[in-house]
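Start at 1 with the first residue, then count along the sequence. What you are looking at is a predicted structure, and each value in this text was computed from that prediction instead of being measured. Computed over heavy atoms, backbone and side chain alike; hydrogens, waters and symmetry mates excluded.
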Amino acid sequence: MKACVFSAIIVLSLLSACDKPKNPVYVGEEIKLDFRGIRNIEDLAWIKIDGVKYTHHTNFEKQKDSLSLPASRTTYYLVGNEENETIEKYEPVNPYTVALTLGDKVDMMSIITEQQTARIIREKRFLLHLQATLILHNHNGGDIVVETSKDYPVPIEILK
């Protein structure tokens with residue numbers, strides 16, 4: 001009887017694990033993220049680079065967090081009209097701004113972790129400024145791991 005219950009639990013847990021959609025994962029020595037033309041990064045979309053999770057936010061105040069990134073639009077709340085009501089304002093965010101913000105945060109995290117996480121290849125940093133493209137590698141020469149939320153719109157390519 002116990003063996004039958006145990007077998008049923010194992011089968012059910014395997015079936016439930018198969019139902020969950022998997023998040024995309026990329027593993028390689030060099031990984032390219034291309035933000036050019038990306039104008040649809042939603043609130044709470046995320047990208048995890050070497051275990052560090054960066055979350056996109058539309059709310060301007062939440063974007064100030066050290067692991068936060070702007071989404072494709074930012075929401076501001078203004079107070080001060082005649083009725084003293086709060087007004088919501090939206091502003092599109094340039095894909096270059098998103099890429100530059102991520103690039104700076106990835107490099108800073110690499111310094112904080114003493115080069116144990118990914119960073120932008122120094123010789124290819126110009127691509128970040130010219131094409132909103134990050135090419136990541138691990139300073140120590142090992143593989144890096146990039147994982148994203150299910151519908152993350154940024155094209156990601158393993159270069160080697």
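Put simply, the side chain of Thr148 does not reach to within 4.5 Å of the side chain of Asn23, judged on heavy atoms. Contact check for Val27 versus Ile144: no side-chain heavy atoms found under the 4.5 Å cut-off. Side-chain contact between Thr55 and Leu69 is absent, with no heavy atoms from C-beta onward closer than 4.5 Å. For the pair Val98 and Ser72, the minimum side-chain heavy-atom distance is 4.5 Å or more. Residues Ile47 and Leu33 form a side-chain contact, since some pair of their non-hydrogen atoms from C-beta on lies under 4.5 Å apart. Between Lys48 and Tyr54, the closest side-chain pair of non-hydrogen atoms is not below 4.5 Å. Contact check for Leu136 versus Glu30: no side-chain heavy atoms found under the 4.5 Å cut-off. Taking 4.5 Å as the limit, every side-chain heavy atom of Val146 sits out of range of all side-chain heavy atoms of Val25.
Note on Asp104 versus Arg125: salt bridge recorded, some NZ/NE/NH1/NH2 to OD/OE distance being below 4.0 Å.
Under the 4.5 Å side-chain heavy-atom criterion for Ile, Leu, Val, Met, Phe, Trp and Tyr, Leu102 and Leu67 are members of the same hydrophobic cluster. Residues Val106 and Ile38 share a single hydrophobic cluster, defined by chaining ILVMFWY side chains whose heavy atoms lie under 4.5 Å apart. Follow the hydrophobic side-chain contacts under 4.5 Å out from Tyr26 and you reach Val154 in the same cluster. Ile156 and Leu100 fall within a single hydrophobic cluster, where Ile, Leu, Val, Met, Phe, Trp and Tyr side chains are chained together by heavy-atom contacts under 4.5 Å. Leu159 and Leu127 fall within a single hydrophobic cluster, where Ile, Leu, Val, Met, Phe, Trp and Tyr are joined by side-chain heavy atoms under 4.5 Å apart, directly or via other members.
Considering every non-hydrogen atom in both Ala45 and Ser149, the closest pair reads CA-OG, 3.7 Å. For Pro95 against Ala132, the heavy-atom pair with the smallest separation is O-CB, 4.3 Å. The minimum heavy-atom distance linking Ala118 with Ser110 is given by the pair O-CB, 3.5 Å.
The structure places CG of Asp50 at 11.5 Å from CD of Glu147, a figure rounded to the nearest 0.5 Å. A distance of 12.0 Å separates CD1 of Ile31 from NE2 of His137, quoted to the nearest 0.5 Å. Taking CG from Leu44 and OG1 from Thr58, the interatomic distance works out to 7.5 Å, rounded to the nearest 0.5 Å. Taken to the nearest 0.5 Å, the CG atom of Asp151 stands 9.5 Å off from the CD atom of Glu42. Remark: Ile41 CD1 to Arg39 CZ distance equals 10.5 Å, nearest 0.5 Å.
In this structure a side-chain-to-backbone donor-acceptor pair under 3.5 Å is present from Asp107 to Ile120. Looking only at distances, no side-chain donor or acceptor of Lys32 sits under 3.5 Å from a matching main-chain atom of Leu134. Proximity of a side-chain donor or acceptor of Tyr96 to a complementary backbone N or O of Leu130 within less than 3.5 Å is detected. In this structure, Thr133 contributes its side chain and Gln131 its backbone to a donor-acceptor pair below 3.5 Å.
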Report task. Begin from the C-alpha positions of Asp43 and Arg73 and carry the test salt bridge (Lys or Arg N to Asp or Glu O under 4.0 Å) through to its verdict. Result -> CA-CA 9 Å; Asp43 188 44; Arg73 72 176 192 165; over 6 Å; no

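Ring planes of Tyr152 and His56: tilted class, angle from 30 to 60°.
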